[in-house]
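Here is the structure we will look at.
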Amino acid sequence: MNYIIYQAYGNKENINECLYSLYSCEGKIGGAEIVIYTDSEGYLKKLAPKGLKITYKELNREKIDRWKGKYQFVHRL
């Protein structure tokens, strides 16, 4: 199984960039499954393309801070 992984959390601009990417790849990814780590699942579900198989993984502030680590390194997330 092939996967495409997204992080879409924080401000709406970041979430909308994810949506733009999803619409850009619609019909071009074969059988790949999309996994989105997000704190905006409801917003994404409402606006994401319906033809894609998407699994949502919840992100919340506590998890984001923990994954960033002691020095809050954003790229560690």
Side-chain angles (χ1 to χ4, degrees):
M1 173 61 90
N2 292 316
Y3 295 91
I4 299 173
I5 309 293
Y6 287 93
Q7 288 181 351
Y9 64 93
N11 62 47
K12 287 289 188 227
E13 288 82 11
N14 290 340
I15 309 300
N16 289 334
E17 285 180 14
C18 177
L19 286 168
Y20 182 83
S21 178
L22 291 170
Y23 276 97
S24 296
C25 72
E26 188 177 26
K28 301 174 186 157
I29 60 168
E33 181 177 339
I34 295 171
V35 179
I36 304 175
Y37 288 85
T38 186
D39 60 357
S40 299
E41 181 177 340
Y43 181 77
L44 285 166
K45 278 185 174 180
K46 185 170 86 175
L47 297 173
K50 303 303 181 221
L52 296 175
K53 181 178 180 183
I54 301 174
T55 301
Y56 297 91
K57 301 288 186 174
E58 180 189 0
L59 280 180
N60 55 42
R61 178 51 45 198
E62 178 185 325
K63 190 179 287 186
I64 289 169
D65 288 341
R66 189 173 65 245
W67 286 1
K68 284 182 179 179
K70 178 179 175 182
Y71 300 106
Q72 292 296 288
F73 187 54
V74 70
H75 297 296
R76 184 170 177 228
L77 176 64

Quiz item: Side-chain contact, heavy-atom cut-off 4.5 Å: Leu44 with Ile54?
Solution: no
Quiz item: For Ile64 and Tyr9, which heavy atoms make the closest approach, and how far apart are they?
Solution: CD1-CD1, 3.6 Å
Exercise. Look at the side-chain heavy atoms of Ile, Leu, Val, Met, Phe, Trp and Tyr, link any pair under 4.5 Å apart, and say whether Leu19 and Val35 land in one connected group.
Key: no
Quiz item: At what distance, to the nearest 0.5 angstrom, does CG of Leu22 lie from CD1 of Ile36?
Solution: 4.5 Å
Exercise. Please check if atom NZ in Lys46 has more than 12 non-hydrogen atoms from other residues, nucleotides or ligands closer than 6.0 Å.
Key: no
Exercise. Rounded to the nearest 0.5 Å, what's the gap from NZ on Lys53 to CE on Met1? Could you check?
Key: 5.0 Å
Quiz item: Which side chain to side chain donor-acceptor pair (under 3.5 Å) pairs, counting each pair once, include a residue from residues 18-31, with sequence neighbours left out?
Solution: Tyr6-Ser21
Exercise. Can you run down the side chain to side chain donor-acceptor pair (under 3.5 Å) pairs that involve residues 30-43, sequence neighbours left out, and say none if there aren't any?
Key: Asn16-Tyr43, Glu33-Thr55, Glu41-Lys45
Quiz item: So with a 6.0 Å cut-off around CG of Asn2, is the heavy-atom count from everything else above 12?
Solution: no
Practice problem: Could you name each residue pair satisfying salt bridge (charged side-chain N to carboxylate O under 4.0 Å, His left out) that touches residues 64-75, not counting sequence neighbours? | Solution: Arg61-Asp65, Glu62-Arg66
Exercise. With sequence neighbours left out, write down each residue that passes side chain to side chain contact (heavy atoms under 4.5 Å, CB included) with Glu13, or none if nothing qualifies.
Key: Asn11
Practice problem: Before giving the answer on side chain to side chain contact (heavy atoms under 4.5 Å, CB included), spell out for Ile29 and Ile34 the whole-Å C-alpha distance, their side-chain angles and the decisive distance to 0.1 Å. | Solution: CA-CA 9 Å; Ile29 60 168; Ile34 295 171; 3.8 Å; yes
